[in-house]
Amino acid sequence: MPGGTPQALPGASLGCDLTFEVDKANCTIAINVTVPPISDATTPANLLPGLHPADLQNRYALPSQKSGGTVAIVDAYDDPTAESDLAIYRSAFGLSDCSSSNGCFRKINQQGLTASFPGANSGWDEEISLDADMVSAVCPKCKILLIEANSPSFDDLGAAVDKAVSLGAMVISNSYYGPEWSGETAYDVHYHHSGVAITVSAGDQQSSFYPAASPYVTAIGGTSLSGSAPSWNETAWQYTGQGCSPYEPKPKWQGTTPCKSRAAVDVAAIADPQTGVAMYDSTAGGWLVGGGTSVGAPLLAAAYALSGNPQGPAYSYAHRSAFHDIPPAGYDLPTGLGSPNGVGGL
């Protein structure tokens, strides 16, 4: 990547830069800077750039009118306008109200409290907005539980994942990544919960990252998605996280990958900000076109919820026909098994 600043990705601005610290994560959102923000919150949907909910539902053949239960979203820091921004997104696309007043939306801190939220952060603010929008786009009838960790340390993020499980979440989305390090396996306990599907963004540069490398998560790589229904063209996004973990052993269910250790992508979804999704974040200027492997984690989490019986990555490898194979044929490091074609592999 050309440098480690928020402008490191061509044609996009990263919510979190590419400088890393051990045991600390960065968000994975990338905003398309070639498309100016639209400040008017009431802009009609047909004038909003980026992929819309109907596009995502069509490409990935999702039964989005089903009720999928609750999707938990784990991110760091606070998004003070998460609920009101989500209301604008859902209203624009004709989705039903999802608010704290009707019990559809709930925001808590990592201790499970609906007060004493962590400080705000502009990059993670964008991340939270994108995550909530993508769950809504794919599963409009899902409830959303947003858990805001105190910081992007893996101790705090892991505690937030554990809190989601303790509150009964069956599906948890995690849009963050950090460099792999020799002590990471000690953190796998936070992502190892029987009967809970946990999705993780693979990252926004060509390397393996944690927690995507954990054997207990479904790691989501990135694609470029162009065209329109019914003629879509989906290819690997050149900046998606990918590779073989230097520390995590190879799970038995991942037997046909080119890695001798854990390959850090299982499946994939749209991530290229140049072919990205419509999203709304008032702090960042309003309507934006978002990307990064941030899109895939909440999208796949919502798809897991729609399956009604979330199984985790081993199930996906045993049901490869339920995914769009992204060229080249078969499993590949950038996109894994491919992108969802229905929920039969989830």
Side-chain angles (χ1 to χ4, degrees), residues 1 20 25-26 28 154 172-192 196-224 234-272 292-297 299-301 303-304 310-341 345-346:
M1 295 289 285
F20 291 104
N26 282 355
T28 50
F154 282 111
I172 305 172
S173 169
N174 301 270
S175 291
Y176 52 84
Y177 68 132
E180 291 200 74
W181 79 105
S182 59
E184 69 186 43
T185 55
Y187 288 78
D188 283 341
V189 64
H190 298 298
Y191 303 96
H192 188 193
V196 179
I198 297 178
T199 62
V200 173
S201 299
D204 295 344
Q205 54 179 307
Q206 292 182 3
S207 180
S208 62
F209 293 99
Y210 191 82
S214 172
Y216 304 113
V217 309
T218 301
I220 317 300
T223 68
S224 298
E234 196 164 19
T235 59
W237 181 45
Q238 69 178 113
Y239 297 110
T240 182
Q242 58 186 279
C244 308
S245 172
Y247 303 112
E248 297 279 3
K250 187 171 191 172
K252 291 182 179 179
W253 41 262
Q254 209 178 45
T256 59
T257 70
C259 297
K260 295 182 179 179
S261 59
R262 164 69 157 127
V265 171
D266 297 311
V267 298
I270 170 63
D272 185 351
T293 51
S294 286
V295 177
L299 191 156
L300 264 294
Y304 266 118
Q311 294 289 316
Y315 188 83
S316 297
Y317 283 83
H319 295 80
R320 297 183 177 214
S321 62
F323 297 90
H324 298 288
D325 189 23
I326 309 296
Y331 179 96
D332 58 83
L333 291 177
T335 61
L337 301 172
S339 63
N341 186 10
L346 304 173

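Remember, it's a predicted structure, so these values are computed and weren't measured experimentally. The first residue in the sequence is number 1, and the count goes up from there. In what follows, every heavy atom counts, from backbone to side chain, and hydrogens, waters and symmetry copies are set aside.
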- Message: Using the rule given for side-chain contact (heavy atoms from CB on, under 4.5 Å), can you reason through Phe209 versus Val200, listing the C-alpha separation, both sets of side-chain angles and the distance that settles it, and then say yes or no?
- Response: CA-CA 10 Å; Phe209 293 99; Val200 173; over 6 Å; no
With rounding to the nearest 0.5 Å, note down the distance linking [atom1] in [X] to [atom2] in [Y].
| X | Y | atom1 | atom2 | value |
| --- | --- | --- | --- | --- |
| Thr28 | Tyr176 | OG1 | OH | 10.5 Å |
| Gln238 | Gln205 | CD | CD | 13.0 Å |
| Leu300 | Ser339 | CG | OG | 9.0 Å |
| Thr257 | Leu337 | OG1 | CG | 10.0 Å |

- Hey, mind stepping through Val217 and Asn174 against side-chain contact (heavy atoms from CB on, under 4.5 Å) and telling me if it holds? CA-CA 10 Å; Val217 309; Asn174 301 270; over 6 Å; no
- Item | Criterion side-chain contact (heavy atoms from CB on, under 4.5 Å) on Tyr315 and Leu346, from CA distance to verdict | CA-CA 7 Å; Tyr315 188 83; Leu346 304 173; 5.9 Å; no
Over all atoms of both residues, closest heavy-atom pair of [X] and [Y]:
| X | Y | result |
| --- | --- | --- |
| Ala268 | Thr223 | CB-CG2, 3.7 Å |
| Glu248 | Ser214 | OE2-CA, 4.0 Å |
| Val265 | Gly221 | CG1-N, 3.7 Å |
| Tyr177 | Asp204 | CE1-N, 3.5 Å |
| Pro313 | Pro215 | CG-O, 4.4 Å |
| Ala202 | Thr240 | CB-OG1, 4.4 Å |

Mark yes or no for whether [X], through its side chain, and [Y], through its backbone, hold a donor-acceptor pair below 3.5 Å.
| X | Y | answer |
| --- | --- | --- |
| Asn341 | Ala322 | no |
| Ser261 | Pro246 | no |
| Ser201 | Thr293 | yes |
| Ser316 | Gly345 | yes |

- For the ring pair Tyr247 and Tyr210, is the centre-to-centre distance below 6.0 Å?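 That pair fails the under 6.0 Å test.
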- Between Tyr187 and Trp181, is the ring centre distance below 6.0 Å?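 Centroid separation for Tyr187 and Trp181: below 6.0 Å.
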- Query: Do Lys260 and Lys250 pass the side-chain contact (heavy atoms from CB on, under 4.5 Å) test, and can you show the C-alpha distance, the side-chain angles, and the key distance before you say yes or no?
  - Reply: CA-CA 6 Å; Lys260 295 182 179 179; Lys250 187 171 191 172; 5.8 Å; no
- Message: For residues 324-333, which residue pairs pass the side chain to side chain donor-acceptor pair (under 3.5 Å) check, not counting sequence neighbours?
- Response: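 Counting only pairs at least two positions apart or across chains, the side chain to side chain donor-acceptor pair (under 3.5 Å) contacts touching residues 324-333 are Asp332-Thr335.
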- How would you list, by chain and number, every residue that makes a salt bridge (charged side-chain N to carboxylate O under 4.0 Å, His left out) with Glu234, sequence neighbours excluded?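 Result, salt bridge (charged side-chain N to carboxylate O under 4.0 Å, His left out) vs Glu234: Arg59.
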